2 protein chains.
Amino acid sequence: MKVGPDIAPIAALVGDPARASMLSVLSNGRALTATELAQEGGVTIQTASSHLSKLVAGNLLVVNKQGRHRYYRLKGPEVAAMLESLMGLAADAGHMRVRTGPKDPALRRARVCYDHLAGDLSVDLFDRLVTRKILRLSKTDNGADDSVMLSGKGRAYFADLGIDLEALAGKRRPLCKACLDWSVRRNHLAGGLGAALLNHFYERKLARREPESRIVTLSARGEKKLAAMIAGQD
Amino acid sequence: MKVGPDIAPIAALVGDPARASMLSVLSNGRALTATELAQEGGVTIQTASSHLSKLVAGNLLVVNKQGRHRYYRLKGPEVAAMLESLMGLAADAGHMRVRTGPKDPALRRARVCYDHLAGDLSVDLFDRLVTRKILRLSKTDNGADDSVMLSGKGRAYFADLGIDLEALAGKRRPLCKACLDWSVRRNHLAGGLGAALLNHFYERKLARREPESRIVTLSARGEKKLAAMIAGQD
DNA sequence: TTCATAGTTCGATCATAACCGAAGCATCGA
DNA sequence: TCGATGCTTCGGTTATGATCGAACTATGAA
């Protein structure tokens with residue numbers, strides 16, 4: 001029969017509604033306390049405590065003890081990617097937690113996916129960067145994990161933006177990665193470069209993150225800048 | 001306020017050990033029958049039937065009915081990608097499975113499928129006939145039921161072999177049909193033409209059927225002939 | 001036709017795990 | 001030292017859903 005990883009225990013962890021809510025709210029890459037996560041999951045703090053222990057034991061979360069608070073966050077980008085792929089399938093199957101609330105369009109347009117930008121704008125940008133040959137894309141057989149590389153032209157492009165590629169190359173994390181977007185079901189840019197790009201927007205006050213949410217709000221200048229990047233007029 | 005896709009139902013589907021095993025073995029993109037998947041999951045066929053219904057309802061699998069068999073396969077590459085990301089995390093957390101099992105090589109190579117040839121050789125032949133435009137294949141959206149037609153070139157090809165296409169066309173049975181192969185999970189040629197082709201091999205003593213078995217044994221001449229057909233040198 | 005095989009549906013059993021109350025532990029501020 | 005807060009652990013209840021036997025439908029084989 002089979003040799004390989006046993007996905008059932010991990011999936012079962014995500015399969016509980018309370019835990020799934022906790023993981024969803026943590027997929028913006030931030031850290032939250034046990035009490036906050038209990039409220040998010042709609043359970044008492046005792047129950048939440050049990051859930052959180054299991055998530056830590058299952059290598060999905062890490063905990064950071066600060067005084068009498070315990071801050072939980074996703075263990076890494078791989079966890080966020082797994083959650084995103086589940087969100088895509090859930091949206092496909094019509095499983096929604098809230099039917100198109102007012103925040104929903106904003107969430108679809110621009111949101112944080114762990115530590116990089118996701119949503120319509122991010123997907124459009126990714127497509128454009130590929131057609132401009134700033135990113136080089138190589139498809140795999142099953143179309144699942146596309147590998148992304150930065151071209152020579154791309155290096156100049158991001159250096160012009162003021163992003164330190166040398167520093168990023170030194171990290172263990174891959175520079176470029178394609179991440180499947182749940183709302184559009186197309187790729188956006190992840191990896192160190194994706195994170196650096198979002199950080200670039202934060203630093204220059206082109207974008208800010210809404211508190212307690214995954215929504216990213218662009219300033220007027222930010223809108224203009226991103227539109228120019230997508231149009232290829234920068 | 002909670003906004004976005006609800007990942008819990010999907011993850012819970014994957015979270016059951018029996019279903020997870022089924023999904024894992026299907027993640028090579030091939031199709032398996034309900035009975036095979038039951039064995040894979042280590043449950044009875046009744047239980048497997050229940051699991052498979054849920055997986056289809058949850059948009060993770062699609063089912064392809066062929067005779068009294070039901071072939072289940074992953075709905076799409078997004079499902080495979082989700083499973084892949086889960087496998088990465090599972091391996092990370094040290095969750096592994098181990099088991100092994102054998103199968104009959106002769107049966108895999110060439111066997112009877114109802115009244116036509118199946119197995120590795122037959123699948124290879126089918127592929128070759130398509131690339132040589134002897135058969136014309138039109139894929140459907142989901143890739144499930146492929147329809148096959150005989151081209152003009154194909155009519156000449158089979159007429160040269162001495163197969164009476166006029167007689168076959170008179171029958172109610174469809175001339176060409178794609179049949180999903182049990183061992184390779186790819187298509188081979190079925191229908192009246194598939195049956196006629198196997199019969200052609202029987203008549204010319206190129207092949208004979210083993211008693212009490214589905215195994216088809218090729219004579220030396222038969223091996224040569226079939227190899228030539230697959231190589232396109234006939 | 002009759003038999004065999006593939007698969008589904010129903011019903012009952014049973015095990016797991018989610019849940020919360022209560023109690024306990026740890027940290028902070030005063 | 002004390003009380004307040006953040007969180008964990010324990011124990012008992014409960015509900016969900018996985019499981020399989022038996023009966024049923026559908027298709028193929030003879």
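Bear in mind that the values here come from a model prediction, so they are computed numbers and not experimental data. Scope of the values below: all heavy atoms of this structure, side chains included, with no hydrogens, waters or symmetry mates.
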Could you tell me the separation between the [atom1] atom of [X] and the [atom2] atom of [N], rounded to a whole number of Å?
X	N	atom1	atom2	result
Leu37(B)	dA6(C)	CG	P	14 Å
Ile45(A)	dC20(C)	CD1	P	12 Å
Leu52(B)	dG7(C)	CG	C1'	10 Å
Gln66(B)	dT27(D)	CD	C1'	13 Å
Asn64(B)	dT27(D)	CG	P	14 Å
Glu36(B)	dT5(C)	CD	P	16 Å
Lys54(B)	dT16(D)	NZ	C1'	10 Å

Using a 4.0 Å heavy-atom cut-off across all strands, classify Thr47(B) as base, sugar-phosphate, or nothing.
->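 Thr47(B): base contact, heavy atoms under 4.0 Å.
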
Under 4.0 Å between any heavy atoms, over every strand shown, what does Tyr72(A) touch: base, sugar-phosphate, or nothing? Just pick one.
->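 The answer is sugar-phosphate, as Tyr72(A) gets under 4.0 Å only of primed atoms, P, OP1 or OP2.
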
Would you say [N] has OP1 or OP2 under 4.0 Å from some side-chain N or O of [X]?
X	N	value
Thr44(A)	dC20(C)	yes
Lys65(A)	dA26(C)	no
Thr35(A)	dT5(D)	no
Arg19(B)	dA18(D)	yes
His51(B)	dT19(D)	yes
Ser49(B)	dT8(C)	yes

Five-pair end axes of the helix from dT1(C)-dA30(D) to dA30(C)-dT1(D) and the angle they enclose, rounded to 10° =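 Rounded value for the end-axis angle: 30°.
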
Ignoring hydrogens and geometry beyond distance, is a side-chain donor-acceptor pair present between [X] and [Y] at under 3.5 Å?
X	Y	answer
Ser49(B)	Gln46(B)	no
Thr44(A)	Thr47(A)	yes
Arg208(B)	Ser219(B)	no

Look up atom CG in Asn64(A) and atom CZ in Arg70(A), then write down how far apart they are to the nearest 0.5 Å.
->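 Going from the CG atom of Asn64(A) to the CZ atom of Arg70(A) covers 10.5 Å.
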
Roughly how far, to the nearest 0.5 Å, is the CG atom of Leu23(B) from the NE2 atom of His51(B)?
->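 Reported value, rounded in 0.5 Å steps: 10.5 Å.
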
Residue Ala18(B), side-chain atoms from C-beta onward, closest of dA4(D), dA4(C), dT19(D) =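 Nearest listed nucleotide: dT19(D).
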
Among dG7(C), dT8(D), dC19(C), find the nucleotide with the atom closest to the side chain of Asp16(A).
->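 So the nucleotide nearest the side chain must be dC19(C).
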
Got a sec, which residues hit side chain to side chain donor-acceptor pair (under 3.5 Å) with Ser24(A), two or more places apart in sequence or on another chain?
->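 With sequence neighbours excluded, Ser24(A) shows a side chain to side chain donor-acceptor pair (under 3.5 Å) to no residue whatsoever.
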
Report the residue (Pro17(A) or Arg70(B)) whose heavy-atom-nearest nucleotide on DNA chain C is the more 5′ of the two.
->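 Its nearest nucleotide being more 5', the pick is Arg70(B).
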
Please state whether the base of dG21(C) and the side chain of Gln46(A) form at least one donor-acceptor pair under 3.5 Å?
->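 Present.
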
Working for side chain to side chain contact (heavy atoms under 4.5 Å, CB included), residues Lys75(A) and Leu61(A) | CA-CA 5 Å; Lys75(A) 178 144 188 194; Leu61(A) 297 185; over 6 Å; no

Pairing residues for Arg132(B) by the salt bridge (Lys or Arg N to Asp or Glu O under 4.0 Å) criterion, not counting sequence neighbours =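 If we apply the salt bridge (Lys or Arg N to Asp or Glu O under 4.0 Å) test to Arg132(B), skipping adjacent residues, the hits are Asp234(B).
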
Between Arg68(A) and Ser50(A), just flag the one whose closest nucleotide in DNA chain D comes earlier from the 5' side.
->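 This one resolves to Arg68(A).
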
